[in-house]
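The structure appears below as structure tokens.
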Amino acid sequence: MATIRRDNIRRKISKWGRTWKIYRRNWMGVTGLILLSTLVTLAILGPSITPYESHERSEDIFQPPGNGHLLGTNRFGEDVFTILLDSLRISLLVGVIAGSLTVIIGTTIGVTSAYIGGWGDTLIMRITDVILVLPALPLMLLLASLAPLLADVGDFLVPRWLIIAIVYVVVFWPVSARLIRGQALSLKQRAFITSAKSAGAKNGYIIRKHLLPNVFPLMLTMIITSMRQAILYEAFLSYLGLGDPWNWSLGMMLSVAQNQASLATGAWWMYFPPGIAIALTTLSFAFIGIAFDEIVNPRLRKR
Amino acid sequence: MNKKLLTISAIVVGFILAFTPSLMVIGQDPIYGGTLNTPLGADAHALNPFTWGTTYEWYVMAHIYDSLVALDTERQPVPVLCSGWSHNETYEQWTFTLVDNAFWHDGTPVTIDDVYFTYDLLMNDDAIPRRSWLFDEITSLEIVGTDQIVITFGWGPKPADVLFDLATTWIVPEHIWDTIDLYTFANDVNPIGSGPFKFVEWARAQYFRLAAHTEYHLDGPYIDEKILPIISEVETAYYALSVGDIEVMANPPPELEAVADVDPNIAIHESLQDYWVYLGLNQRRYPNNIKEFRQAVMYGINRSEIVDIIRYGRGEVCPASCSLPYGAYYNPAVKQYDYNVATANSMLDALGFLDNVGDDGIREDANGTDLSFDLIVSADAQVSVDTCRFIQEYMLEIGIEVTVVPLIWDVLWQTVGGTGSVSNTYDYDWAFLGWVGFWSDFHPSWARWLFSANGWWGSDQVNIPGWNSTARWEVTALADEILYETDEAVIQTKLDALQVIVAEDLPYLPINILGGTFLYRTDEFKGWVLGPTTDPDNWMTWLAIQLIVAPEGGPGYLALSAIFTLVVTVGLVKYRRKKQ
Amino acid sequence: MFKSILCISGLTICGVTIMGLKSYIAKKLLFAAVAYFVAITLVFFLYHVLPGNPANVFALDPRVPPDVREALLIRWGLNEPLWKQYFIFLGNLLQGDLGYSFLHKKPVSEVIGVSIPWTLLLLGTSFILNAVIGILLGAIVAWRRGSKLDTGFVLTYNVYNALPLFFVGMLFIALFGFTARINNWPIWFPTYGAQTPGASETGFFSYLGDVLWHLFLPLLVLTISGVLGWSWFMRGNLISVLTEDYIKTARAKGLNENQVLFKHAFRNAILPVITNIGMSIGGLIGGAVLIETVFSYPGTGRMLYDALMRRDYPLVQGAFVIIAGLTLLGLLLAEIVYGFVDPRIRTE
């Protein structure tokens with residue numbers, strides 16, 4: 001028994017190793033990974049990198065970069081670089097929460113649906129289809145503008161950015177549910193699962209041991225796509241006035257810069273840092289996604 | 001012979017003059033023509049003078065409709081649709097005389113029946129949202145002769161109330177409004193008014209087009225057309241201003257002032273708005289109901305820093321009496337609350353609110369509970385949220401913990417009691433809100449509306465701060481007396497006394513008065529009428545503004561040819577005389 | 001599989017499949033109707049179950065006393081029980097009545113009706129350009145896979161999509177609307193509105209020119225993103241088709257590259273692109289909300305946003321019903337077209 005487990009682990013390691021080897025060959029994947037890890041490190045280490053607090057006011061009001069402020073200061077004399085790191089953290093958090101929740105919920109529903117089959121499957125898929133065909137941004141606008149009516153009642157106050165993340169999940173889970181179900185359905189017919197079934201394996205066991213590991217790569221690509229999208233949607237909603245007025249996020253920074261006409265006044269340090277940060281974050285997710293796609297779908301690899 | 005020549009030239013000049021009203025006084029004659037573009041931040045809704053909701057509708061309708069009296073840029077009453085007004089000794093009976101040369105945009109004359117119709121409508125329907133409170137006080141309304149309306153009240157309201165509140169009501173044409181339901185009338189196809197501009201076109205979400213009302217009974221407007229493009233992006237509006245597509249921009253970001261400063265064709269006008277924001281400490285709760293506590297909080301807020309940094313120097317600190325610091329009724333001799341942490345701390349110490357438990361820097365009240373408050377604020381207004389963040393920092397310095405809770409407006413407004421009492425009303429500690437349009441600078445009744453327990457906002461039904469000290473009743477008595485008082489000197493004395501009590505007792509903790517900043521172009525048009533509390537784009541500007549350079553081939557050309565004819569003729573006549 | 005696809009152009013096949021087509025279309029229609037019903041119900045209950053009501057608009061105005069508000073509630077029938085309001089709402093909808101905007105004092109359908117032509121102009125033009133340019137560009141880059149062009153495309157696609165649309169919009173406004181104008185570049189574009197006031201009186205062609213001139217920048221921003229999206233999808237499809245066995249067979253048979261591309265690969269790769277139309281319409285409409293807002297363009301997307309900001313609930317409800325309807329209609333049309341083009345779908 002012990003040897004089998006060790007064998008398993010070894011096999012897994014070598015599988016991951018092979019995957020990494022393929023991944024490494026893709027320059028986009030590598031660039032994306034380096035970019036993302038830099039951004040994540042910056043976001044996590046944020047408070048210890050800069051000597052300021054994001055709401056710490058200084059005498060330098062609305063100064064361009066220099067004089068101890070890497071990206072200058074805003075109207076209140078707050079350090080833009082510090083704010084940028086704070087924003088990056090919230091935006092990444094929105095991405096992580098929204099992205100992973102979307103896919104986890106989607107996978108659960110997709111696998112369940114594929115596994116139970118019959119009219120249950122049909123019903124679930126009809127529901128996902130309906131949500132899928134509704135226009136996403138208008139639906140999100142609607143939900144995000146109404147959610148505070150619920151969230152603000154009582155003592156427990158959900159921050160706006162979290163509301164946006166949750167709204168994203170509500171609108172986008174059907175995408176992953178549909179894709180995962182498709183994958184799970186085809187797996188269901190495969191020989192190794194049917195043989196496991198005939199050998200008397202329980203449903204839970206089959207799902208855990210055979211189905212999930214095989215849909216895992218797809219889940220991973222989808223998590224990456226969702227994270228990228230969620231960060232962008234957070235920016236969209238912030239721009240449309242539904243952002244979090246209390247916490248900085250990249251979208252909020254951009255929307256504030258927009259309201260202050262930073263492009264017209266030449267205050268580029270208010271406008272470009274959040275714009276570029278959003279671009280770099282989503283770009284790194286996109287690159288990683290492309291590299292993963294090539295692993296999952298070998299035909300996409302270069303000839 | 002020369003007489004004949006002179007007659008002919010006089011006819012020629014007269015003919016030209018008939019087509020050029022601009023030659024009435026040579027040298028300062030207005031130049032006719034041109035299109036003035038002034039932007040709207042968002043589209044308007046129904047153009048209904050009785051039910052309008054936002055300033056956008058108000059702004060569009062102000063071009064189209066006129067009232068008997070309007071406020072000039074110094075906020076003094078000036079007659080518009082009336083030629084004058086009078087009242088009897090007790091102020092109970094007011095007579096307004098209609099001008100005889102005003103016309104509706106469809107060509108029919110404005111009659112006293114239209115005025116009667118409008119006032120009668122408002123008098124008899126108290127569900128109309130846009131309606132002066134004085135309509136409730138009218139006992140009779142009658143037409144005298146062909147051009148006078150006599151309004152009788154149950155008691156004698158002061159000129160300020162009648163002229164500013166009642167007589168500024170827009171007059172609507174009876175022949176259009178007598179058959180429609182005013183609650184459902186969108187009035188968006190061809191609104192007919194008697195104002196300086198006629199409605200031409202409303203391309204929804206794009207622009208309004210208005211043309212000068214050529215039969216307008218006052219001088220002006222001199223421009224041909226006014227276009228109100230709808231531009232929602234600040235940046236886009238600024239670009240449009242700097243290339244000359246639009247002539248005015250309201251409240252630009254402060255950095256744009258500097259950019260605009262460089263442009264010699266863009267001028268800046270700064271004004272104060274009748275809009276002040278306050279911190280409301282819910283006095284239904286302990287310790288907010290202690291006067292010294294409220295005073296300590298007030299001392300602990302650096303209000304001038306809020307004006308300087310959050311409002312970038314626009315506007316000013318609001319007097320503790322909640323009155324605007326200009327105008328006849330302002331009393332500057334009230335308690336001041338200059339930022340002073342030491343005073344605030346010692347006042348809190350004296351109240352016995354010390355940091356006994358846990359040494360966490362937060363004081364405890366007499367029950368041993370931390371001085372920790374939730375501060376609710378509208379999440380829709382970033383500036384308000386920022387102000388609350390500053391207040392949070394100031395309070396921490398005097399040992400009070402504030403948690404800022406941004407709420408959406410509907411929830412906030414209901415919680416503070418703005419919609420009248422419902423289940424969760426008044427469930428808050430502190431609230432950050434603002435008041436607009438109490439006109440405390442020239443309107444002696446303002447205090448009654450805001451503070452009197454018998455007025456609307458101070459009544460138990462609303463009373464946002466939950467004010468209930470003895471001072472509230474003193475102020476109520478004073479404010480009610482002022483409403484019925486007609487002696488200016490007595491009003492002045494009582495208002496002064498009232499302001500002293502308010503500043504001492506602090507029902508509201510006023511923070512700052514908002515300023516309005518406007519950029520306007522000076523290269524194409526002249527005649528902007530500016531005032532300490534107005535926008536450059538006001539009704540007086542609309543009547544006065546004109547092109548700096550006359551358009552080619554237009555009336556200016558005609559005027560020149562008239563002068564030319566005159567000079568040549570006079571020369572010829574003289575020449576002939578000499579010859580003879 | 002390959003053969004069946006090649007046969008679709010044959011008339012004989014069409015004769016056989018028309019029966020199936022009818023039931024296929026019926027099925028899709030039914031689904032669209034159900035989806036629409038769910039969307040309508042969702043938006044209705046969202047607005048009526050949550051705290052707050054349409055009369056809240058008046059709460060924004062501190063001078064309106066509560067008794068007036070009460071009077072308005074009764075006047076508009078908002079005091080009826082919820083289920084009754086719902087059935088009234090559905091009944092009205094069937095008659096094309098989307099409700100009544102309290103702020104505009106007009107039927108919602110009239111208010112939205114003004115904005116729909118502009119949205120259709122923007123979205124329709126963008127959609128056609130997206131499809132045509134997108135598919136061609138996708139085919140080209142897929143065919144030259146691995147070349148500099150392809151790498152450039154992949155980079156452009158990812159970078160452009162990494163930037164929020166409104167950010168790009170503002171940059172374009174600054175560049176082509178402002179910088180171009182003050183520096184006297186040969187051409188510049190308007191940055192707000194859909195026409196010059198009064199342009200409609202200047203004759204048809206100059207009016208058309210004016211409208212197109214105003215349309216240019218919003219269309220450009222929306223279309224670049226759409227074209228890149230479509231060609232990205234097309235590229236992916238074509239690449240996977242090109243690695244299929246039958247393409248290898250075709251090459252082995254000695255067909256030249258053009259024949260392989262156009263006769264075999266292109267046709268098969270384009271089918272999934274058509275199914276993607278429905279999804280792309282949803283995305284396009286989302287983009288339109290942003291773009292119309294950035295460019296102050298008078299379309300339905302901006303109207304939805306404005307109505308949300310001012311809490312004109314009946315209008316929000318109506319605008320959403322219309323937008324969802326447009327999306328579903330687009331999807332339905334795409335599926336019907338697909339049903340014609342690819343018989344396989346009907347056997348599903």
Side-chain angles (χ1 to χ4, degrees), chain B residues 35 37 39 42-46 48 51 53-54 57 126-131 133 183-188 200-201 203-209 225 227-233 235-240 242-243 245 380 408-411 413-414 418-421 435-437 456-457 461-462, chain C residues 51-53 55-72 75 100-106 110-111 114-115 118 169-170 173-174 177-179 181-182 188 190-198 200 292-299 302-303 305-306 309-312:
Chain B
T35 301
N37 287 276
D43 200 6
H45 295 131
N48 187 319
T51 62
T54 65
E57 285 95 68
D126 62 6
I128 293 174
R130 295 292 172 181
R131 174 176 181 270
W133 59 278
Y183 289 96
T184 55
F185 191 35
N187 200 19
D188 59 340
V200 177
E201 185 192 4
R204 276 179 194 266
Q206 298 179 63
Y207 58 82
F208 280 91
R209 252 174 95 198
E225 203 181 24
I227 288 174
L228 321 174
I230 295 154
I231 307 177
S232 37
E233 284 289 332
E235 204 133 357
T236 310
Y238 177 72
Y239 293 145
S242 51
V243 296
D245 277 356
D380 304 332
I408 68 168
W409 174 255
D410 307 45
V411 179
W413 190 235
Q414 188 175 322
T419 55
S421 179
W435 283 144
V436 57
W456 171 248
W457 299 105
Q461 201 173 0
V462 180
Chain C
N53 55 55
N56 263 349
V57 173
F58 295 97
L60 290 166
D61 174 14
R63 293 184 169 215
V64 180
D67 47 327
V68 173
R69 212 169 6 255
E70 284 308 310
L72 286 167
R75 192 181 275 273
Y100 185 86
S101 163
F102 304 101
L103 292 186
H104 286 278
K105 302 204 180 302
K106 276 176 96 95
E110 268 184 50
V111 181
V114 180
S115 70
W118 297 111
M170 287 315 290
I173 285 179
F178 181 63
T179 312
R181 198 164 162 192
I182 57 167
W188 56 271
T191 54
Y192 60 89
Q195 56 183 316
T196 309
S200 55
E292 287 173 2
T293 309
V294 172
F295 288 93
S296 302
Y297 203 77
R302 176 158 161 247
M303 173 161 285
Y305 165 70
D306 274 352
M309 289 297 113
R310 304 225 207 146
R311 306 206 162 76
D312 187 352

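Lettering of chains follows the sequences in order, A, B, ..., and the numbering in each one begins at 1.
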Tell me, for [X] versus chain C, whether the close heavy atoms (under 4.5 Å) come from the side chain, the backbone, both or neither.
X: B:A237; result: neither
X: B:N187; result: neither
X: B:E57; result: side chain
X: B:Y239; result: both
X: B:T35; result: neither
X: B:F185; result: backbone
X: B:N37; result: neither
X: B:I227; result: side chain

Aromatic ring pairing B:W435/B:W457, orientation class (parallel under 30°, perpendicular over 60°, tilted between): tilted

B:D245/C:R181 ion pair, N-O < 4.0 Å: yes

B:R209 with B:E201: basic N within carboxylate O range, under 4.0 Å: yes

Residue part contacting chain B, namely of C:M170, when any heavy atom lies under 4.5 Å: side chain

In Å, rounded to the nearest 0.5 Å, how long is the span from [atom1] of [X] to [atom2] of [Y]?
X: C:W188; Y: C:I182; atom1: CH2; atom2: CD1; result: 12.5 Å
X: C:R302; Y: B:S232; atom1: CZ; atom2: OG; result: 4.5 Å
X: B:W413; Y: B:I408; atom1: CH2; atom2: CD1; result: 15.0 Å

Atom of C:Q195, atom of B:A203 and distance for their closest heavy-atom approach: NE2-CB, 4.4 Å

